[in-house]
> 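First, the structure itself, so that you have it in front of you.
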Amino acid sequence: LIAVPHRRCRPNAYWRWDLASFSVHIYAARPIAAGEQLSIHYVPLLQSAAARQDQLLDRYIFRCTCSACAASRATRAVSDARRASLRAFVDTPWAVGPLRADASAAVARAMRDARIEEHFFADVWSPALCYAARAALALGDAPTAARCARRAAKLARVVTGVDGGWARVADAPERAVGWRAGGSGLRLEEVIEAVGDAPF
Ligand SMILES: [Zn+2]
């Protein structure tokens, strides 16, 4: 039995249904102060404020008055655009595929957007950390690759229940695929910097 957390569009926790243990796993998305109310999302957050409200009303007969939903029309429009770009980011398989300068710029931009939106969600940060780990591997930076891969493994577990092979990369970056593949001019440093102070 779990207490029902608050629902918000800028939650401080992330949840995943775990089929194996037949239970809900709740993860802190940022440090949560003692006594602070736990909040999770009830509807997909990478959609517009209007779409979130429609679903909340429809499914839970609930009108969200969180700061993201109660903002002015202009602020909501900016937030909607940012969430749309984050949705496009999440839908792109960044953990695989070539490392490219434009891809690196997109990952770094998505991380900035996520921070502004307070989208401290595993499903947004997980692909960014995978890309950052691959960037550090390509640059031959073992400590950074290990650090990013460890965080990528942790978030992959939060999102999917398995580490996606990143724990092995964290243990031995020099033996991973893509080690010292090179990448000058691919703006890989920008990605590593963008995830540097990620909340996970
Ligand atoms: Zn809301």
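Ligands are counted one by one from 1 in listed order, and the atoms in each one are counted from 1 as well. The analysis underlying the following values was restricted to heavy atoms, covering all of them including side chains, and did not include hydrogens, waters or symmetry mates.
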> Is the closest side-chain heavy-atom distance between Arg52 and Cys64 below 4.5 Å?
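Counting from C-beta outward, Arg52 and Cys64 never come under 4.5 Å.
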> For Tyr131 and Trp94, take the angle between the two ring planes, folded into 0 to 90°, and tell me which bin it lands in: parallel under 30, tilted 30 to 60, perpendicular over 60.
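Answer is perpendicular, since the angle exceeds 60°.
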> Which of parallel (below 30°), tilted (30 to 60°) and perpendicular (above 60°) describes Phe22 and Trp17?
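Phe22 vs Trp17 ring planes: perpendicular.
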> Are Leu99 and Val177 linked, directly or through other ILVMFWY residues, by side chains that come within less than 4.5 angstrom of each other?
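Per the 4.5 Å side-chain linkage, Leu99 and Val177 are not co-clustered.
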> Indicate, with yes or no, if Leu46 and Val78 share a hydrophobic cluster defined by side-chain heavy-atom contacts under 4.5 Å among Ile, Leu, Val, Met, Phe, Trp and Tyr.
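Different clusters.
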> Take the Zn ion (ligand 1) and tell me which protein N, O or S atoms are nearer than 2.8 Å.
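Under 2.8 Å from the Zn ion (ligand 1) - ignoring waters, which are not counted - the protein N, O or S atoms are Cys9 SG, Cys64 SG, Cys66 SG, Cys69 SG.
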> More than 12 non-hydrogen atoms from neighbouring residues, nucleotides or ligands closer than 6.0 Å to CD on Glu174, yes or no?
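Yes.
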